[in-house]
Participant: 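Sending over a structure as structure tokens; questions will come in a sec.
Below, chain A is the first sequence line, B the second, and so on; all start at residue 1.
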There are 2 protein chains.
Amino acid sequence: MSGPGPSPAELETILTVGSRVPDHGKLAPWRFIVFEGDARARAGEIIANVFARKNPQAPVADIEIEKRRLMDAPLVIAVVSFTRPHPKVPDWEQQLSAGASAMNIVAAAAALGYGANWLTGWFAYDRDVLDGLGLKPDEKIAGFIHIGTRSKPNEDRPRPALSDIVTRF
Amino acid sequence: MSGPGPSPAELETILTVGSRVPDHGKLAPWRFIVFEGDARARAGEIIANVFARKNPQAPVADIEIEKRRLMDAPLVIAVVSFTRPHPKVPDWEQQLSAGASAMNIVAAAAALGYGANWLTGWFAYDRDVLDGLGLKPDEKIAGFIHIGTRSKPNEDRPRPALSDIVTRF
């Protein structure tokens with residue numbers, strides 16, 4: 001999945017759809033970080049630096065891979081999740097809202113004709129990387145959504161049979 | 001939002017879309033319970049019985065409200081979330097996958113022309129109700145999605161401005 005990526009107007013549409021999700025109490029318990037152009041490489045430097053520091057024996061080739069973590073697509077949107085104590089809205093619902101937001105970003109990108117891939121990786125959970133990317137201590141990554149032009153048709157993978165996952169009450 | 005609800009073929013489409021979500025490791029950490037017809041009232045009896053037992057002073061009118069918790073729409077789909085320990089897939093990602101699934105069910109119903117409302121309520125968190133609905137001890141409700149024909153046009157509610165929730169790295 002490489003370029004071209006969404007236009008600025010399309011990006012705005014994708015982000016808008018990402019913000020139109022079930023959200024009990026209108027808390028908006030999520031935010032988005034956009035990585036385009038050089039920002040992807042700058043983020044990769046942060047990831048690679050943390051990796052090199054924590055893996056001092058790592059070969060250069062492995063560090064190079066880390067530098068390119070956000071380089072596969074022209075656009076990466078990080079969905080950041082956080083929760084706020086609320087008397088009527090459990091953390092659980094606030095977290096699910098972030099999952100809904102990431103899903104909507106994938107769907108919006110697909111509806112506009114782009115490929116979209118919701119990914120994580122070790123660096124999505126490494127506190128030093130998250131600090132470097134500007135996440136506050138109480139913020140988590142729900143996912144990095146990589147968006148670009150598909151280089152080949154999308155093939156679906158095996159999915160569970162409905163008979164295995166659906167019951168009638 | 002009342003009847004008519006989705007046809008059997010449309011319901012199958014909605015459930016299929018609900019199962020096509022990002023799901024690291026192909027764990028399918030969710031399942032769906034369908035409530036249609038009398039099943040909605042039977043579930044309401046379970047909810048109301050637990051409510052009455054835990055609120056012995058409750059007036060009859062309040063108990064009647066509990067009986068009708070799943071009666072507002074002709075179809076309710078409960079999205080059930082559970083996690084399994086996995087060396088590469090944190091519980092967090094399995095939970096977000098359930099949020100994505102609920103979001104896709106809402107989107108699929110809307111795409112077919114129905115109204116869909118992702119709701120919870122006290123009974124979504126009450127262990128005795130969950131037992132009565134057949135949830136295992138390690139299963140949680142991600143949401144009850146009520147689906148029917150809209151009685152009036154859908155008005156959007158206030159949403160956060162993108163400038164408040166989007167940053168560029």
Participant: What part of Ser81(B) is in contact with chain A, defined as an atom under 4.5 angstrom from a non-hydrogen atom: side chain, backbone, both or neither?
Facilitator: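 Contact with chain A: side chain only.
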
Participant: For atom CZ of Arg68(B), decide whether the heavy atoms of other residues, nucleotides or ligands shown that lie under 6.0 angstrom number more than 12.
Facilitator: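 It does not: Arg68(B) CZ has 12 such atoms or fewer within range.
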
Participant: Tell me, yes or no, whether the heavy-atom count around Asp138(B) atom CG, taken from other residues, nucleotides or ligands under 6.0 Å, exceeds 12.
Facilitator: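 Yes, because the 6.0 Å sphere around CG of Asp138(B) holds more than 12 heavy atoms from other groups.
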
Participant: Measuring only between side-chain heavy atoms, which start at C-beta, is Phe169(A) closer than 4.5 Å to Ile46(B)?
Facilitator: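 The answer is yes, as the side chains (C-beta and beyond) meet within the 4.5 Å cut-off.
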
Participant: Using non-hydrogen atoms and a 4.5 Å limit, figure out which bit of Leu133(B) sits close to chain A: side chain, backbone, both or neither.
Facilitator: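 Both parts, backbone and side chain.
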
Participant: Below 4.5 Å from any heavy atom of chain A, which atoms of Arg157(B) appear? Answer side chain, backbone, both or neither.
Facilitator: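 For Arg157(B), side-chain heavy atoms alone lie under 4.5 Å from chain A.
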
Participant: Is a donor on one side and an acceptor on the other found under 3.5 Å between the side chain of Arg159(A) and the backbone of Val21(B)?
Facilitator: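 Such a contact is found between Arg159(A) side chain and Val21(B) backbone.
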
Participant: I want to check something: taking the side chain as every heavy atom from C-beta on, are Trp118(A) and Leu96(B) in contact at a cut-off of under 4.5 Å?
Facilitator: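 They are in side-chain contact.
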
Participant: So for Ala28(B), is it side chain, backbone, both, or neither that comes closer than 4.5 Å to the heavy atoms of chain A?
Facilitator: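 Contact with chain A: side chain only.
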
Participant: Calculate, to the nearest 0.5 Å, the distance between atoms CG and CZ belonging to Asp156(B) and Arg20(A) respectively.
Facilitator: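 Asp156(B) CG to Arg20(A) CZ: 4.5 Å, rounded to 0.5 Å.
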
Participant: State the CG-CG distance between Asn104(A) and Asn104(B), to the nearest 0.5 angstrom.
Facilitator: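 Here the rounded value is 8.0 Å.
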
Participant: Roughly how far, to the nearest 0.5 Å, is the CD atom of Glu93(A) from the CD1 atom of Ile141(B)?
Facilitator: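 Those atoms lie 11.5 Å apart.
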
Participant: Chain A heavy atoms under 4.5 Å from Pro158(B): which part of the residue, side chain, backbone, both or neither?
Facilitator: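 For Pro158(B), backbone and side chain are both near chain A.
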
Participant: Can you tell me which portion of Ile105(B) sits under 4.5 Å from chain A's heavy atoms? Options are side chain, backbone, both or neither.
Facilitator: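 Neither; nothing under 4.5 Å.
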
Participant: In terms of heavy-atom proximity below 4.5 Å to chain A, should Trp30(B) be classed as side chain, backbone, both, or neither?
Facilitator: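 Both backbone and side chain.
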
